[in-house]
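Pasting in a structure now, in structure tokens, and then I'll have a few things to ask.
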Amino acid sequence: MLLNDIISGKVVDTVYIIAEIGQNHQGCVETAKKMIWEAKKAGCHCVKFQKSDLPAKFTRSALNREYITDHAWGKTYGEHKEYLEFSKDQYLQLQAYCEELSVDFTASAMDERSLEFLADLNVPFIKIGSGDANNFPLLKKAASWDFPLVISTGMQTMQTVERIVQTMRESGKQDYALMHCVSSYPTAPEDCSLQFISVFKRHFPNVVIGYSGHELGVVVSQAAVLLGARIVERHFTLDKSQKGSDHRCSLEPHELNALTVAIANFKLSALSLSPKEIFQELNGGRELEAALQDVEYKTILPCELPCRSKLGKSIVAARSLKKGNRLQLSDMAIKVSEPSGLTAEAYLDIVGKELADNIGEDEPIRGSNIIN
């Protein structure tokens, strides 16, 4: 498989292109098949969906909240998400269709049950999205299995990215890639921070670096490749005007094709071009200049805060817990919670800590609930 060759370093002059269908299929298998066909025709190597086990990913309060928006497919957020989820039989249909077309088929695992689901489907690799990049129990479980991982790093700090790499190292995991990503939809050029690709390449020389982009157009993604990204993922849609919040920052078929053709025409090597050389190669412009501006230490950008607030994972009670209980791993779960609690990366830090309050099952564990 091409992705294996890229991750192993056997191939340095080829880019693996993923069309992120996500849930832009509107809950319709036939639409998903049409999208797979169009992505293959546009020159992509892989189509990717998003798999969630809703009770494992979200707390009851998050699922039950009223969801009033033009993009809603249900009265509550849970009904909305359920409408867009495919069953195992539907996934098998789509997987078989991809095999007919000779295009790779996979999905993001949004929780541990979904990770097991995708492993059972024997997909060629599993994506860990930005929302779970600080979910270290999920990362450790994924790293223990024998399939490649592609891990996005949106709305995370450099410290968290370093911890991801450490977790992979401690697990003996070598077949994985890190994706530079900014979790803003769409991402403004000045927030794209493309030079973090170069920062990642310097800090993690033995790890393949990719780019998961949410900007409008394709020139920024082209620049990412010239900086050294060897995996490129872009959201894909048949029509940007469709109902759904991801369509606007997705590429339509003609745009996706323009991106794959441009990448195929690049003369790539192990050496990356400088920002100045990239600017000249792609005929510049303010958009590109903004995306290639110098960057400092990786932090969570202001533009990412809405997504982190909506989809960032929190530590919640796995069962009802009494005041005075000293937290054990089995007492906790990591989910999207409303309201939010301690962020997922604090999971191991609070083991053994005493609770100052009673906490109900599926309720968030906050700093104020912990006796230090």
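Just so you know, residue 1 is the first one in the sequence shown, and it goes up from there.
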Subject >> Test log, rule side-chain contact (heavy atoms from CB on, under 4.5 Å), inputs Ile359 and Ile365 >> reply: CA-CA 7 Å; Ile359 301 177; Ile365 299 175; 3.9 Å; yes
**OP:** Name the orientation class of the two ring planes belonging to Phe147 and Trp145 (parallel below 30°, tilted from 30 to 60°, perpendicular beyond 60°).
**Re:**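 Perpendicular.
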Subject >> Contact summary for Met179 and Ser212, nearest pair of heavy atoms >> reply: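 Residues Met179 and Ser212, closest heavy atoms: CE-N, 4.0 Å.
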Subject >> Nearest-0.5 Å distance, OG of residue Ser8 to CD of residue Gln174 >> reply: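 If we round to the nearest 0.5 Å, Ser8:OG and Gln174:CD are 10.5 Å apart.
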**OP:** Please identify each residue that fulfils side chain to side chain contact (heavy atoms under 4.5 Å, CB included) with Gln293, with sequence neighbours left out.
**Re:**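 Counting only residues at least two positions away or on another chain, Gln293 forms a side chain to side chain contact (heavy atoms under 4.5 Å, CB included) with Glu190.
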Subject >> Short side-chain donor-acceptor distance under 3.5 Å, Asp104 and Tyr16 >> reply: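 Result is yes, a qualifying pair exists.
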Original post:
Could you give the distance from CG (Leu118) to OG1 (Thr106), rounded to the nearest 0.5 Å?
Top reply: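 Answer for the CG-OG1 pair, Leu118 versus Thr106, is 6.0 Å.
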**OP:** Please determine, by modelled atom types, if Thr153 and Gln156 share a side-chain donor-acceptor pair under 3.5 angstrom.
**Re:**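 Judged by distance alone, the side chains do not pair up.
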Original post:
Quick one: are Ile278 and Gln222 in side-chain contact, heavy atoms under 4.5 Å?
Top reply: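 In short, these two side chains do not touch, never coming nearer than 4.5 Å.
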Original post:
In Å and rounded to the nearest 0.5 Å, what is the CD to CG distance from Glu79 to Asn64?
Top reply: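 Going from CD on Glu79 over to CG on Asn64, the span is 9.0 Å.
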Original post:
Is it true that the side chains of Ser337 and Ser340 contain a donor and an acceptor less than 3.5 Å apart?
Top reply: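 Per modelled atom types, Ser337 and Ser340 side chains form no pair under 3.5 Å.
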Original post:
Shortest non-hydrogen contact from Thr260 to Cys44?
Top reply: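 The pair with the smallest heavy-atom distance is CG2-N, 4.3 Å.
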Original post:
Would you call the rings of Tyr67 and Tyr77 parallel, tilted or perpendicular if under 30° counts as parallel and over 60° as perpendicular?
Top reply: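 Perpendicular.
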Original post:
Between CZ of Phe204 and CE of Met168, what distance do you get to the nearest 0.5 Å?
Top reply: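 Interatomic distance, Phe204 CZ to Met168 CE, rounded to 0.5 Å: 12.0 Å.
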Subject >> Close side-chain approach of Val232 and Leu259, heavy atoms under 4.5 Å >> reply: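 When only atoms from C-beta onward are counted, Leu259 and Val232 do touch, with a gap below 4.5 Å.
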**OP:** Would you indicate whether Glu170, at its atom CD, is surrounded by more than 12 heavy atoms from other residues, nucleotides or ligands within a distance under 6.0 Å?
**Re:**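 More than 12 within 6.0 Å, yes.
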Original post:
Do we see a donor-acceptor contact under 3.5 Å between the side chains of Thr31 and His25?
Top reply: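 Side-chain D/A pair, Thr31 to His25: absent.
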Subject >> Ion pair Asp120/Lys88, N-O distance below 4.0 Å >> reply: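 A salt bridge is present here (some side-chain N lies under 4.0 Å from a carboxylate O).
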Show the atom names and distances, to 0.1 Å, of all donor-acceptor pairs under 3.5 Å that link a side chain in residues 299-316 to residues at least two apart or in another chain.
unit_1 : atom_1 : unit_2 : atom_2 : d
Glu304 : OE1    : Leu301 : N      : 2.9
Glu304 : OE2    : Met155 : N      : 2.7
Glu304 : OE2    : Ser183 : N      : 2.9
Arg308 : NH1    : Met155 : O      : 2.9
Lys313 : NZ     : Met110 : O      : 2.9
Lys313 : NZ     : Asp132 : OD1    : 2.6
Lys313 : NZ     : Asp132 : OD2    : 3.3
Ser314 : OG     : Gly341 : N      : 3.0

**OP:** Answer yes if Ile350 and Ile371 sit in the same cluster of Ile, Leu, Val, Met, Phe, Trp and Tyr residues linked by side chain heavy atoms under 4.5 Å apart, and no otherwise.
**Re:**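 Cluster IDs for Ile350 and Ile371 differ.
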Original post:
For Lys48 and Ser108, what are the C-alpha separation, side-chain angles and deciding distance, and is it a side-chain hydrogen bond (donor to acceptor under 3.5 Å, both in side chains)?
Top reply: CA-CA 7 Å; Lys48 188 178 77 65; Ser108 297; 2.5 Å; yes
Subject >> Approximate separation, where rounding is to 0.5 Å, of Leu226 CG and Leu273 CG >> reply: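 Going from CG on Leu226 over to CG on Leu273, the span is 5.0 Å.
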Original post:
Between Val161 and Thr157, is any pair of side-chain heavy atoms under 4.5 Å apart?
Top reply: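 Contact flag for Val161/Thr157 side chains = no.
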Original post:
Under 4.0 Å between a Lys/Arg side-chain N and an Asp/Glu carboxylate O for Arg248 and Asp246?
Top reply: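 Salt bridge absent between Arg248 and Asp246.
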Original post:
How about Ser250 and Lys240: does a side-chain donor come under 3.5 Å of a side-chain acceptor?
Top reply: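 No, no side-chain donor-acceptor pair sits under 3.5 Å.
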Subject >> Closest contact, heavy atoms only, Ala109 versus Ile126 >> reply: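 Residues Ala109 and Ile126, closest heavy atoms: CB-CG2, 3.9 Å.
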**OP:** Look at the side-chain heavy atoms of Ile, Leu, Val, Met, Phe, Trp and Tyr, link any pair under 4.5 Å apart, and say whether Tyr347 and Ile128 land in one connected group.
**Re:**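 No.
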Original post:
Just wondering, more than 12 heavy atoms not from Glu354 lying within 6.0 Å of its CD?
Top reply: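 Yes.
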Original post:
So, Lys141 and Glu112, do they make that salt bridge, N to O below 4.0 Å?
Top reply: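 Yes, this pair counts.
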Original post:
Are Glu345 and Arg163 ion-paired here, with the side-chain N under 4.0 Å from a carboxylate O?
Top reply: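 Answer for the salt bridge query: no.
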Original post:
What distance separates Met35 CE from Phe236 CZ, expressed to the nearest 0.5 Å?
Top reply: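 Separation between the atoms: 5.5 Å.
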**OP:** Quick one: do His247 and Thr237 satisfy side-chain hydrogen bond (donor to acceptor under 3.5 Å, both in side chains)? Show the steps, please.
**Re:** CA-CA 6 Å; His247 291 285; Thr237 183; 2.7 Å; yes
Subject >> Heavy-atom check, side chain of Glu99 versus side chain of Gln95, under 4.5 Å >> reply: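 Of all side-chain heavy-atom pairs linking Gln95 with Glu99, at least one is under 4.5 Å.
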Subject >> Donor + acceptor pair across side chains of Glu215, Ser221 (<3.5 Å) >> reply: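 There is such a pair between these side chains.
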Donor-acceptor pairs are to be reported for all side-chain atoms of residues 50-62 against protein atoms at under 3.5 Å, with residues two or more places apart or in another chain.
unit_1 : atom_1 : unit_2 : atom_2 : d
Asp53  : OD1    : Ala56  : N      : 3.4
Asp53  : OD1    : Arg113 : NH1    : 3.3
Thr59  : OG1    : Ser61  : OG     : 3.1
Thr59  : OG1    : Ala62  : N      : 3.3
Arg60  : NH2    : Glu361 : O      : 3.3
Ser61  : OG     : Glu338 : O      : 2.5

**OP:** May I ask you to check whether Asp294 and Gln195 show a side-chain donor-acceptor distance below 3.5 Å?
**Re:**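 Side-chain D/A pair, Asp294 to Gln195: present.
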Original post:
Looking at Gln26, Lys81, Glu82, which hits side chain to side chain contact (heavy atoms under 4.5 Å, CB included) with Trp73?
Top reply: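 Only one of Gln26, Lys81, Glu82 forms a side chain to side chain contact (heavy atoms under 4.5 Å, CB included) with Trp73, namely Gln26.
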Subject >> Donor on one side chain, acceptor on other, Asp89 and Ser87, under 3.5 Å >> reply: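 Judged by distance alone, the side chains do not pair up.
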**OP:** Apply salt bridge (charged side-chain N to carboxylate O under 4.0 Å, His left out) to the pair Glu233 and Lys127, showing each step before the final yes or no.
**Re:** CA-CA 11 Å; Glu233 176 185 63; Lys127 171 77 184 293; 2.8 Å; yes
Subject >> N-O pairing of Asp331 and Arg319 below 4.0 Å >> reply: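 Looking at Asp331 and Arg319, the cut-off is met.
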Subject >> Centroid-centroid under 6.0 Å between His80 and Tyr83 rings >> reply: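 No, they do not, as the ring centres are separated by 6.0 Å or more.
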Subject >> same_hphob_cluster(Tyr211, Phe200) at 4.5 Å side-chain heavy-atom cutoff >> reply: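 Per the 4.5 Å side-chain linkage, Tyr211 and Phe200 are co-clustered.
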Original post:
Is it true that Glu255 and Arg234 make a salt bridge, defined as a side-chain N closer than 4.0 Å to a carboxylate O?
Top reply: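 No, Glu255 and Arg234 are not salt-bridged.
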Original post:
Could you walk me through whether Phe266 and Asp13 pass the side-chain contact (heavy atoms from CB on, under 4.5 Å) check?
Top reply: CA-CA 9 Å; Phe266 289 151; Asp13 59 352; over 6 Å; no
Subject >> Chi angles and distances behind the side-chain contact (heavy atoms from CB on, under 4.5 Å) call for Gln90, Phe49 >> reply: CA-CA 12 Å; Gln90 290 170 319; Phe49 293 81; over 6 Å; no
Original post:
Taking everything shown except Asn265 itself, do over 12 heavy atoms lie less than 6.0 Å from its CG?
Top reply: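 Yes, CG of Asn265 has more than 12 neighbouring heavy atoms, counting only those of other groups under 6.0 Å.
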**OP:** Check the surroundings of atom NZ in Lys75: do more than 12 heavy atoms from other residues, nucleotides or ligands lie under 6.0 Å from it?
**Re:**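 No, NZ of Lys75 has 12 or fewer neighbouring heavy atoms, counting only those of other groups under 6.0 Å.
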**OP:** Could you please spell out the steps behind the side-chain contact (heavy atoms from CB on, under 4.5 Å) verdict for Val351 and Leu327?
**Re:** CA-CA 5 Å; Val351 172; Leu327 288 169; 5.7 Å; no
Original post:
Taking the six-membered ring for Trp, are Phe125 and Tyr176 ring centroids under 6.0 Å apart?
Top reply: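 Distance test on ring centres: not under 6.0 Å, no.
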